[in-house]
Amino acid sequence: MANDLAWNRDGGAAPRARTLALLRDPWVILLLALAALGLAWAATGTAPAAVRALWQWSPALLRGLGVNIQISVLAMALGTIAGLAVGALSLSPSWLLRRLTRAYVLLFRNAPILVLVYFTTYVFPFELGVGRWSVPFPDWIKVVIGLGLPASANVAEIFRGAIQSIPSAQWEAAQSLAFRRAQIFRMIVLPQCVRRMLPSWMNLYASITMSTSLASLVGVHDLVDTATVASNTVARTDFTILVYFTLLALFFAYCYPIARWTRYLERRHEHH
């Protein structure tokens with residue numbers, strides 16, 4: 001009974017402490033203050049003309065943000081799958097595979113992301129021939145590939161570093177207990193690698209999300225493109241300033257919690 005009470009007390013205190021810490025964050029306070037100001041303007045009908053125009057464009061801006069999030073999630077999924085495969089091959093006993101994977105990582109880690117986005121957009125065809133049919137190859141999928149390539153190179157390095165950080169004594173101890181190599185990797189090494197990789201993986205995802213703003217340069221109707229269309233349509237200087245501040249705030253509001261969660265995981269990993 002005492003243990004249950006202690007568990008309930010600790011379990012309830014931790015979420016409350018995190019909530020209070022979040023509410024004390026200056027960026028969260030600023031966002032809440034801006035939201036309160038917007039609600040006050042809406043309730044009293046005293047909002048400036050630029051704010052009213054922004055309110056009308058807000059559904060389109062949110063749909064544009066959804067496009068950016070979709071691209072980032074798919075690019076990170078592609079990069080993670082390819083990166084884990086490349087990272088595993090980089091640890092192969094074959095020197096040829098190690099050289100090839102090293103060249104892959106060096107190429108795509110050091111290539112400018114904008115160049116890769118243009119490369120995948122204009123090198124890949126606009127339609128794919130499947131028998132007698134032509135299947136469209138949308139620009140947003142090309143951007144997913146363009147962002148997935150550097151993501152895969154970075155995930156490969158993160159995975160390789162996590163594997164090599166596991167002490168060799170753990171492999172030897174597991175082998176002495178008659179575990180097979182696949183069992184050692186799946187049951188002992190991989191769970192530790194996931195914990196060590198997660199903060200770096202989340203940082204990479206935030207970086208990929210911010211890089212999706214380049215999609216508008218190749219004709220993808222994303223958040224940046226929507227903001228540009230809105231600015232040209234309304235044609236007011238104050239609205240242009242406001243809409244780009246809103247664009248910045250939307251990206252920040254999506255990526256900032258990821259950064260906070262990453263810092264929490266890093267501190268937790270250090271304590272363990």
Side-chain angles (χ1 to χ4, degrees), residues 61 63-90 96-129 134-162 197 199-232 243-244 247-248 250-252 254-256 258-259 262:
L61 291 172
R63 285 194 298 270
L65 179 62
V67 172
N68 289 88
I69 293 174
Q70 176 185 354
I71 292 173
S72 68
V73 170
L74 292 176
M76 199 62 199
L78 176 64
T80 300
I81 295 171
L84 292 176
V86 173
L89 291 175
S90 68
L96 179 59
L97 284 177
R98 292 198 304 271
R99 289 288 182 86
L100 290 175
T101 54
R102 188 61 183 166
Y104 178 93
V105 169
L106 288 175
L107 174 62
F108 291 117
R109 284 192 75 190
N110 295 289
I113 292 180
L114 180 57
V115 174
L116 291 174
V117 169
Y118 274 119
F119 176 81
T120 54
T121 300
Y122 296 111
V123 168
F124 288 112
F126 294 99
E127 291 183 346
L128 295 176
S134 294
V135 180
F137 197 11
D139 288 336
W140 70 268
I141 294 181
K142 298 176 185 178
V143 174
V144 167
I145 298 172
L147 295 176
L149 290 172
S152 67
N154 282 280
V155 169
E157 282 295 277
I158 293 170
F159 181 64
R160 184 180 64 85
M197 288 173 59
S200 299
W201 185 92
M202 292 177 67
N203 270 329
L204 178 61
Y205 173 68
S207 177
I208 291 297
T209 301
M210 290 182 283
S211 297
T212 60
S213 60
L214 300 173
S216 62
L217 298 177
V218 293
V220 177
H221 190 56
D222 68 336
L223 177 59
V224 178
D225 186 64
T226 304
T228 303
V229 172
S231 174
N232 294 334
V243 77
Y244 281 107
L247 187 152
L248 179 64
L250 288 173
F251 272 111
F252 179 82
Y254 184 74
C255 293
Y256 184 63
I258 298 174
T262 302

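Note that the structure is a prediction, hence the values are computed from the model and not measured.
- For residues 112-121, no pair satisfies side-chain hydrogen bond (donor to acceptor under 3.5 Å, both in side chains), with sequence neighbours left out.
- Residues Val67 and His221 are not in side-chain contact: their nearest non-hydrogen atoms beyond the backbone lie 4.5 Å or more apart.
- Pairs of residues two or more places apart, or lying in two chains, that qualify as side-chain hydrogen bond (donor to acceptor under 3.5 Å, both in side chains) and include a residue from residues 137-153 are Tyr104-Ser152.
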Give the intermediate values and the outcome of side-chain contact (heavy atoms from CB on, under 4.5 Å) for residues Leu61 and Val243.
CA-CA 9 Å; Leu61 291 172; Val243 77; 4.1 Å; yes
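- At least one side-chain heavy atom of Val224 sits under 4.5 Å from a side-chain heavy atom of Leu247.
- Atom OH of Tyr254 is separated from atom CG of Leu223 by 13.0 Å, given to the nearest 0.5 angstrom.
- The heavy-atom pair separating Ala156 from Val105 by the smallest distance is CB-CG2, 4.1 Å.
- With sequence neighbours left out, Arg63 forms a side chain to side chain contact (heavy atoms under 4.5 Å, CB included) with Pro59, Ala60.
- Residues Asn68 and Ser213 come closest through the heavy atom pair ND2-N, 3.9 Å.
- Between Ala215 and Asp222, the shortest heavy-atom contact is CB-OD2, 4.1 Å.
- Separation of atoms CG (Leu74) and CD1 (Ile69) is listed at 12.0 Å; rounding is to 0.5 Å.
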Step by step, would you call Met76 with Val155 a side-chain contact (heavy atoms from CB on, under 4.5 Å)?
CA-CA 9 Å; Met76 199 62 199; Val155 169; 4.1 Å; yes
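- Between Val117 and Leu217, every side-chain heavy-atom pair lies at or beyond the 4.5 Å cut-off.
- Considering OG of Ser211 and CG of Leu116, their distance stands at 10.5 Å, rounded to 0.5 Å.
- Annotation: side chain of Arg102 is not in contact with side chain of Arg99 (no heavy-atom distance under 4.5 Å).
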Pair up each side-chain donor or acceptor in residues 143-151 with any protein partner under 3.5 Å, not counting sequence neighbours, and list the distances.
none

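- The CG atom of Leu78 sits 10.5 Å away from atom CD1 of Ile208, with the distance rounded to the nearest 0.5 Å.
- Sequence neighbours left out, the pairs with a member in residues 69-79 that pass side-chain hydrogen bond (donor to acceptor under 3.5 Å, both in side chains) are Ser72-Tyr205.
- Under a 3.5 Å cut-off, the side chain of Ser231 and the backbone N or O of Ala227 do not form any donor-acceptor pair.
- Atom OG1 in Thr80 sits 11.5 Å away from atom CZ in Phe159 (nearest 0.5 Å).
- Here the CZ atom belonging to Arg98 is positioned 10.0 Å from the CG atom belonging to Leu96, to the nearest 0.5 angstrom.
- Residues forming a ring-ring contact (aromatic ring centres under 6.0 Å, His included) with Tyr244 (at least two apart in sequence, or on another chain): none.
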